[in-house]
Each structure stands twice: as C-alpha cells, then as structure tokens.
Enquirer: 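This is the structure, below, for whatever I ask next.
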Number of protein chains: 2
Amino acid sequence: MSHEHNHLQEALDTLKATGVRITPQRHAILEFLIQSMTHPTADDIYKALEGKFPNMSVATVYNNLRVFREVGLVKELTYGDASSRFDFVTTDHYHVICEECGKIVDFHYPGLDEVEQLASHVTGFKVSHHRMEVYGTCPECTSSKEVH
Amino acid sequence: MSHEHNHLQEALDTLKATGVRITPQRHAILEFLIQSMTHPTADDIYKALEGKFPNMSVATVYNNLRVFREVGLVKELTYGDASSRFDFVTTDHYHVICEECGKIVDFHYPGLDEVEQLASHVTGFKVSHHRMEVYGTCPECTSSKEVH
DNA sequence: TATTATATTATAATCTTTACAAATAGTGTA
DNA sequence: TACACTATTTGTAAAGATTATAATATAATA
C-alpha cells in the first residue's frame, strides 16, 4: 500500500468522521492534492480535473478547498502573488520559494516552539501556531543567471 | 525630535537619494504609515487620507506603496484575508496575529539565521530572506470568551 | 428504494489590484 | 522666476480571484 493511498484513505476517514460527504469531486481533488508536488492554486486544480469532470464548476473547487481547510486536511498558503496555494497536510515542514521562477520546495525543520513561547510571553497572546517561509533563488535559476 | 519625525525624514532622504519625487500624496502616505500602529490595507490608507486629499485616486495609493516597497521603505504582508497589509520598515520584528479579531502585534526576536542556513543547505537555494508569523488569541479576546 | 439534507453547477456579483491615457505638477536649469 | 522635461496623479476601465445565490442533482441512511 503506497503512501499516497494511505494519505487518501486517512483523509476519507477524516471526512467520514466529520460528517462530510464524499463526492467524486472531493475524492478527485484530494487525490490530486496528495500526489501533487507543486502546491497548486485553485485554478490549477480546476484545470487538472476538467478532463475527468468536464462539468465541474470552479466554485466546487473553492468550496471543497474551504471544507478541507476547516477539517484540517489542507493548508492554504498566501504568498505575495495573486492567488492562494493549497497544500495537503502531512508532516510539519516549511517552504523555500524561488523568487525568480516561483518554485516551492519543502524542507523539514524542528518546530520553532521557542519562538511561539517568546511571542506568547511578550504579547500575552494564547499562541496556536505559526507560519514561516524562506525566500531565495533555486539552483536552476542561479546557474542560468551565471551563463552569458 | 520625535521618533516619527526621524523616520519620516530618513524616508524622505531615501526617496531623494533614489531619485523618487516627493509629492504631497507620498508625504502623507508615508506619514500615515509611520504613525499608524495598525498595519493598514491600501484601502485603509485611501480612506484615512481622503479628508486631506479629496481627489486622490486609489491607484495613487497602490502605485506609491509599490514604489515604497521597491525602495525598501515598506513591507507588504500577505495573510489569509483578501487584501495586503503594509508595514513601514523599522527594525527587524515579527508579528503575532489574533485569529479572533485580526489584531496584529509586533514582537522582536533574533533573526532565524540558522533556519535560513539549513534551508539553503538542504535545498541548494541561495537564500535571501524569510517571513514568519505567529497566530493565536489576544488577551482581550481570550478574556471576553471567558465571560458568560 | 425513498427521503432528506447536502453538494454541485452555472452564473452573477464583489472585491482587490493593475493598466492606460490624458492632465497635472515636481525638479533642475537658464 | 520662468521653462522644459519627465515623473506622477487622476479617473476610469479592465483583469483576476473569490464568494454568493438559486436551481438542480446526488450521497447517505433507514
């Protein structure tokens, strides 16, 4: 049984446990998110599935991404550009983003608990979580800039 | 000479040094950003200045915020909600955001250089910078939830 | 299989941000 | 100070992402 299949099954179980109906569209969106390594936008997902679901509405993609987010299956990433990107939640990881080509690469790092603790101490907030992204230039863009 | 005045003067010097013209609108936008503790949206700024500049266009606000960002005077913050927020750059700090009322509070923390280094090492990226935000509930919202 | 609430679809509407062209106003120089 | 040159502002339109709405279709359950 592959990792992808595991993730999908767990996600479906989560939906069932939360009383969220499992429709073909939801199944397909989840499947696509899990196997996708590219942190797609809502429109990416819409385009990727229009072969399988010629009649699917963009609203369906947005609706279901919101449902998945509320249930905790999916994280919404808001960077500077126009549209949000969506990431299936697996283990804790952060993102490095290439400022040239927009590529997003995962990297693992132990959770920044001490930052949360300091923030909580200084501001009096009850802290729930944090987000962090690192920005730079990916190896491909670096090398293509060196060639003249 | 107040801190605000200092910041404003430095900002104007930066503009002059970069060859960016200093217009009344730019002056006012900068002034508002510096004295504002609320990380305003472009529309907030537009509304705040429409008394002083009844004819100012929203486009002017956006144009100038982009100019300030390019010159490094202003940071654009993109959170989950619809519109970007703008922050006058002073010293390095991070933000805690209240998930109940949206309040944004600054806190200082030594730069997370080691995270950047690890990310660079693992992914091969040339890292330029990072962003981080902490989320939680502010003291006011916490106490108002406790009362029944 | 029948029922019922939930999900999907199609479309319109909203909201933020950008593009564009014409009018205006800074800035350096004579 | 007046001129000329160019950047900036303005007003409006357009683009793009996301949400709202109402009618239709469908998943879950007995």
Side-chain angles (χ1 to χ4, degrees), chain A residues 11-32 39-71 73-86 102, chain B residues 11-32 39-71 73-86 102:
Chain A
L12 294 176
D13 290 348
T14 304
L15 290 185
K16 200 175 286 178
T18 332
V20 174
R21 288 193 186 161
I22 295 158
T23 65
Q25 293 89 337
R26 289 185 174 158
H27 196 283
I29 294 173
L30 276 178
E31 204 166 30
F32 180 75
H39 311 81
T41 64
D43 198 57
D44 291 338
I45 299 171
Y46 176 64
K47 288 213 174 65
L49 299 182
E50 72 182 353
K52 210 182 286 184
F53 297 88
N55 295 327
M56 186 169 62
S57 166
V58 213
T60 300
V61 177
Y62 279 101
N63 286 340
N64 289 332
L65 287 172
R66 173 160 29 83
V67 169
F68 296 157
R69 171 161 50 77
E70 286 167 356
V71 174
L73 286 176
V74 160
K75 251 190 211 151
E76 182 172 356
L77 314 170
T78 62
Y79 304 129
D81 53 348
S83 42
S84 289
R85 293 158 180 286
F86 295 87
Chain B
L12 295 175
D13 291 347
T14 304
L15 291 185
K16 202 176 285 179
T18 331
V20 175
R21 289 192 187 162
I22 295 159
T23 65
Q25 293 89 337
R26 287 185 176 158
H27 196 284
I29 293 173
L30 276 178
E31 203 166 30
F32 180 76
H39 311 81
T41 64
D43 198 57
D44 291 338
I45 299 171
Y46 177 65
K47 288 213 174 66
L49 299 181
E50 73 181 356
K52 210 181 286 183
F53 298 88
N55 296 327
M56 186 169 62
S57 165
V58 213
T60 301
V61 177
Y62 278 102
N63 287 341
N64 290 330
L65 288 171
R66 174 159 28 82
V67 170
F68 297 157
R69 170 162 50 78
E70 286 167 358
V71 175
L73 286 177
V74 160
K75 249 189 213 153
E76 182 172 356
L77 314 170
T78 60
Y79 304 129
D81 52 349
S83 42
S84 289
R85 292 158 180 287
F86 295 88

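Just so we're clear, the structure is a prediction, and the values are computed from it rather than from any experiment.
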Enquirer: Distance only, no hydrogens: is a donor on one side chain within 3.5 Å (strictly under) of an acceptor on the other, for B:Asp44 and B:Thr41?
Expert: yes

Enquirer: Nearest whole angstrom, please: distance from the C1' of D:dG16 to the CZ of A:Arg85.
Expert: 14 Å

Enquirer: Any donor-acceptor pair under 3.5 Å linking the side-chain atoms of A:Thr60 with those of A:Gln25?
Expert: no

Enquirer: Mind listing the closest non-hydrogen atom pair of A:Phe68 and A:Leu30 along with its distance?
Expert: CZ-CG, 3.7 Å

Enquirer: Quick one: CD1 on A:Ile29 to CD1 on A:Ile45, what's the gap to the nearest 0.5 Å?
Expert: 6.5 Å

Enquirer: Nearest 0.5 Å, what's the NE2-CD1 distance between A:His27 and A:Ile22?
Expert: 7.5 Å

Enquirer: Run the salt bridge (Lys or Arg N to Asp or Glu O under 4.0 Å) test against A:Arg66 and tell me which residues pass, sequence neighbours left out.
Expert: none

Enquirer: Using the rule given for side-chain contact (heavy atoms from CB on, under 4.5 Å), can you reason through A:Val20 versus A:Arg26, listing the C-alpha separation, both sets of side-chain angles and the distance that settles it, and then say yes or no?
Expert: CA-CA 10 Å; A:Val20 174; A:Arg26 289 185 174 158; 3.1 Å; yes

Enquirer: Measuring from B:Ser84:OG to B:His39:NE2, what's the distance to the nearest 0.5 Å?
Expert: 13.5 Å

Enquirer: Work out how much the helix from C:dT1-D:dA30 to C:dA30-D:dT1 bends between its end axes, five pairs an end, to the nearest 10 degrees.
Expert: 40°

Enquirer: A:Asn55 CG to D:dT24 P: how many Å, rounded?
Expert: 16 Å

Enquirer: Using a cut-off of strictly less than 4.0 Å between a heavy atom of the residue and any atom of DNA chain C, enumerate the qualifying residues of residues 40-53 of chain A by number.
Expert: none

Enquirer: Just verifying a value: how many Å separate A:Leu65 CG and A:Leu73 CG, rounded to the nearest 0.5 Å?
Expert: 11.0 Å

Enquirer: Of all the heavy-atom pairs spanning B:Tyr46 and B:Ser57, show the shortest one and how long it is.
Expert: CE1-C, 3.9 Å

Enquirer: What parts of residues 13-32 of chain A reach DNA chain C, counting only heavy atoms under 4.0 Å away?
Expert: A:Arg21, A:Thr23, A:Gln25, A:Arg26

Enquirer: To the nearest 0.5 angstrom, please state how far the NZ atom of B:Lys75 sits from the CG atom of B:Leu77.
Expert: 7.5 Å

Enquirer: Quick one: do A:Lys52 and A:Glu31 satisfy side-chain contact (heavy atoms from CB on, under 4.5 Å)? Show the steps, please.
Expert: CA-CA 12 Å; A:Lys52 210 182 286 184; A:Glu31 204 166 30; 4.1 Å; yes

Enquirer: Provide the closest heavy-atom pair for A:Phe53 versus A:Pro24 in the form atom of the first, atom of the second, distance.
Expert: CZ-O, 3.6 Å

Enquirer: Please list, by residue number, the residues of residues 59-66 of chain A whose heavy atoms come closer than 4.0 Å to an atom of DNA chain D; answer none if no residue qualifies.
Expert: A:Ala59, A:Tyr62

Enquirer: Using the heavy-atom set of chain B and a strict 4.0 Å cut-off, write down the first and last nucleotide of DNA chain C that makes it in, 5' to 3'.
Expert: C:dT16 to C:dT27

